[in-house]
Amino acid sequence: MSAKTIEIVEQLKSLNSLETSQLVKQIEVTFNVDASARKTVNILPVIIDPIWDEPNEGLFDVILEEFPSEQKIAVLKVIRSLTGLGLKEAKDLVDSVPQAVKFAIALPKAEDIKQQLEAVGAKVSLK
């Protein structure tokens, strides 16, 4: 791999969930591609968050589908605690539902995140 490619990969590793989502959208616009295909979407999490020791099988994206408007603050608090995002970034994520909260994580962790969000009234799916 070239030095330039290694540098880009290192920069990608430092992105949070919101920045990753924004990057994907910008790549779609810039290169006129559609990243909605499951295989394409899973490429970035593998590069950005290589926490697991096994291949991509059995990994899930946690998707915040919707939540009652009166629970927005509670959902924001949970999102911030799960992602480490700042208030503005977490608000942007919550305001753009449906939105992925976490990418390519093992089922037990995904279910735990889902339960935390559902406890504050959010509707969450695992894909």
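Computed over heavy atoms, backbone and side chain alike; hydrogens, waters and symmetry mates excluded. Positions are given from 1 along the sequence. What you see is a predicted model; the values in this text were computed from it and never measured.
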Rounded distance (nearest 0.5 Å) linking atom [atom1] of [X] with atom [atom2] of [Y]:
| X | Y | atom1 | atom2 | result |
| --- | --- | --- | --- | --- |
| Glu89 | Leu87 | CD | CG | 8.5 Å |
| Lys109 | Leu59 | NZ | CG | 11.0 Å |
| Leu64 | Ile113 | CG | CD1 | 12.0 Å |
| Gln11 | Leu23 | CD | CG | 10.5 Å |

All side chain to side chain contact (heavy atoms under 4.5 Å, CB included) counterparts of [X], not counting sequence neighbours:
| X | value |
| --- | --- |
| Ser125 | Ile63, Glu65, Lys127 |
| Asp92 | Leu18, Lys88 |
| Gln99 | Ser21, Lys25, Leu93, Ser96 |

Would you name the heavy atoms of [X] and [Y] that are closest together and state the gap between them?
| X | Y | result |
| --- | --- | --- |
| Val75 | Ala122 | CG2-CB, 4.3 Å |
| Asp61 | Ala104 | OD1-N, 2.8 Å |
| Arg80 | Gly86 | NE-C, 3.6 Å |

Short question: side chain of Glu19, backbone of Asn16 - any donor-acceptor pair under 3.5 Å?
-> yes
Under 3.5 Å, which donor-acceptor pairs link side chains of residues 67-74 to any protein atom two or more places apart or in another chain?
from: Gln71; atom 1: NE2; to: Val120; atom 2: O; distance (Å): 2.9
from: Lys72; atom 1: NZ; to: Asp95; atom 2: OD1; distance (Å): 2.6

Have a look at Gln116 and tell me which of Val101, Val124, Val62, Leu82 forms a side-chain contact (heavy atoms from CB on, under 4.5 Å) with it.
-> Leu82
Only counting residues at least two apart or in another chain, list the ones meeting salt bridge (charged side-chain N to carboxylate O under 4.0 Å, His left out) with Glu111.
-> none
